[in-house]
Amino acid sequence: MVKKENDEIEIDLAKLLLALWRSAAVILLVGILFSAVAFLYAQSFVTPKYEANALFYVNNSTVSLSSAVAITTGELNAASDLVDTYVAILQSRANMELVLQESGAPYTYEQLRKMVSASAVNSTGLFRVTVTSSDPEEARTLANVIANILPDKISDIVNNSSVEVVDYAVTPHSRVSPSYLKYAMVGLLLGIVFAGAIVVLRDLQDDVIHDEDYLLSNFDAPVLASIPDLEAKGQKKYGYGYGYGYGAASREAKKGGKD
């Protein structure tokens, strides 16, 4: 990093990339360390979530499971449009409170509503109700209570339309969150970014004289002499030598001027 007379700062990107490349092993090691910490955090402190699903079929006056061969595209679209209405009915306060009463779950209406979601299945007359909970048995119980309540509620509210249960929920055996791999990858990325930023900052703040080019680009004076690093085997390391040589040469030049 070079500071010009008009306070402009010039950054040598090639030099920064070289510094990052030289520290690649350390940066990767820090990334792996962050990844391991994130993985252990997710495994130890993040509560796993499970999902239980109940599947329903929208049945209106012209569409039914028993007459599936005669279903037209228009009828199927009409059934699909009813899904949004049924989802709204499902998430009403009265139905949520009835589910809590039937299941005995220790939640408020707002808490249960956040646990329950519903969506159409590929724009068909089917829709799925999903219950998410930290207890897989509780998720299955709540989903099946909804399956028992929802059809009767919909038939009472929506004329000439009803819902039939296609599949009841079963106990889930695998979690849906957290994703340990996702946590590990995010940790790896954060570690690499953090270590890379440290390397860049150290390089930008480095004001040690490493070579002749540094003196020529930062001072309006020629380099009169340089002392090589005699201890370096087969390498030219002038870090200390340039600073000493430049200072000594300058002092000699001043003495000569006085004489």
Checklist outcome for this item: When rounded to the nearest 0.5 Å, the distance separating CG of Leu33 from CG of Leu28 is 11.5 Å
Item to check | Gap separating the CD atom of Glu51 from the OG atom of Ser174, nearest 0.5 angstrom | outcome: 9.5 Å
Checklist entry - Is Leu181 linked to Val46 within one hydrophobic cluster, defined over Ile, Leu, Val, Met, Phe, Trp and Tyr using a side-chain heavy-atom separation of less than 4.5 Å? => result no
Item to check | Glu97 side-chain N/O to Ala94 backbone N/O, donor-acceptor pair under 3.5 Å | outcome: no
Next on the checklist: Count I, L, V, M, F, W, Y as connected when their side-chain heavy atoms are under 4.5 Å apart, and connections chain through other members. Are Val129 and Met115 then in the same cluster?
Outcome noted: yes
Item to check | Hydrophobic cluster (4.5 angstrom, side-chain heavy atoms) - remaining members for Val170 | outcome: none
Checklist entry - What about the rings of Phe56 and Phe127, do their centers lie closer together than 6.0 Å? => result yes
Checklist entry - Same cluster or not: are Phe34 and Met185 linked, directly or through other Ile, Leu, Val, Met, Phe, Trp or Tyr residues, by side-chain heavy atoms under 4.5 angstrom apart? => result no
Next on the checklist: When you measure from the side chain of Ser155 to the backbone of Asp152, do you find a donor-acceptor pair of N or O atoms at a distance under 3.5 Å?
Outcome noted: yes
Checklist entry - Where is the tightest heavy-atom contact between Leu20 and Gly196, given as atom of each residue plus distance? => result CD2-O, 3.7 Å
Next on the checklist: Whether the side chain of Asn144 engages the backbone of Ala169 through a donor-acceptor N/O pair (distance < 3.5 Å, no angle test) should be reported.
Outcome noted: yes
Checklist entry - Any side-chain heavy atom of Thr130 sitting closer than 4.5 Å to one from Thr132? => result yes
Next on the checklist: side-chain contact (heavy atoms from CB on, under 4.5 Å) for Phe39 and Tyr183? Distances and angles first, verdict last.
Outcome noted: CA-CA 6 Å; Phe39 178 86; Tyr183 270 83; 5.8 Å; no
Checklist entry - Would Phe194 end up clustered with Leu201 when hydrophobic side chains under 4.5 Å apart are linked, directly or stepwise? => result no
Checklist entry - Considering only heavy atoms from C-beta outward, does the side chain of Gln91 approach that of Asn95 to under 4.5 Å? => result no
Checklist entry - Is a donor on one side and an acceptor on the other found under 3.5 Å between the side chain of Ser23 and the backbone of Val26? => result no
Next on the checklist: So which atom in Pro178 and which in Ala42 form the shortest heavy-atom distance, rounded to 0.1 Å?
Outcome noted: CG-O, 4.0 Å
Checklist entry - Taking all non-hydrogen atoms of both residues, which atom of Ser35 and which atom of Ala184 are closest, and how far apart? => result OG-O, 2.9 Å
Next on the checklist: Counting C-beta onward and ignoring hydrogens, is there a side-chain heavy-atom pair between Val166 and Glu164 closer than 4.5 Å?
Outcome noted: no
Checklist entry - Do Leu150 and Ile154 come within less than 4.5 Å of each other through their side chains, counting heavy atoms only? => result yes
Checklist entry - Going hydrophobic residue to hydrophobic residue with side-chain gaps under 4.5 angstrom, can you get from Leu112 over to Ile146? => result yes
Checklist entry - Taking all atoms of both residues into account, what is the closest heavy-atom pair of Ala118 and Leu90, and its distance? => result CB-CD2, 4.3 Å
Checklist entry - Does Arg93 make a cation-pi contact with Tyr109, if we ask for NZ or CZ under 6.0 Å from the ring centre and within 45° of the axis? => result yes
Item to check | Residues in side-chain hydrogen bond (donor to acceptor under 3.5 Å, both in side chains) contact with Glu137, at least two apart in sequence or another chain | outcome: Arg140, Thr171
Item to check | Distance, nearest 0.5 Å, that separates CD1 of Ile192 from CD1 of Ile32 | outcome: 8.5 Å
Item to check | Least distance between heavy atoms, Glu138 atom then Pro106 atom | outcome: OE2-CD, 4.2 Å
Checklist entry - Hey, does Val121 have a side-chain heavy atom less than 4.5 Å from the side chain of Leu55? => result yes
Next on the checklist: For the CG atom of Leu142 and the CD atom of Glu102, what is their distance to the nearest 0.5 Å?
Outcome noted: 12.0 Å
Item to check | Heavy-atom check, side chain of Leu98 versus side chain of Lys153, under 4.5 Å | outcome: yes
Next on the checklist: Would you say that Leu204 contacts Leu16 through its side chain, given a criterion of any heavy-atom pair below 4.5 Å between the two side chains?
Outcome noted: yes
Checklist entry - Linking Ile, Leu, Val, Met, Phe, Trp and Tyr by side-chain heavy atoms under 4.5 Å, what else ends up with Val193? => result Leu189
Checklist entry - OH of Tyr50 to NE2 of His173: how many Å apart, nearest 0.5 Å? => result 10.5 Å
Item to check | Ser133 OG to Tyr107 OH distance, which is reported to the nearest 0.5 Å | outcome: 4.0 Å
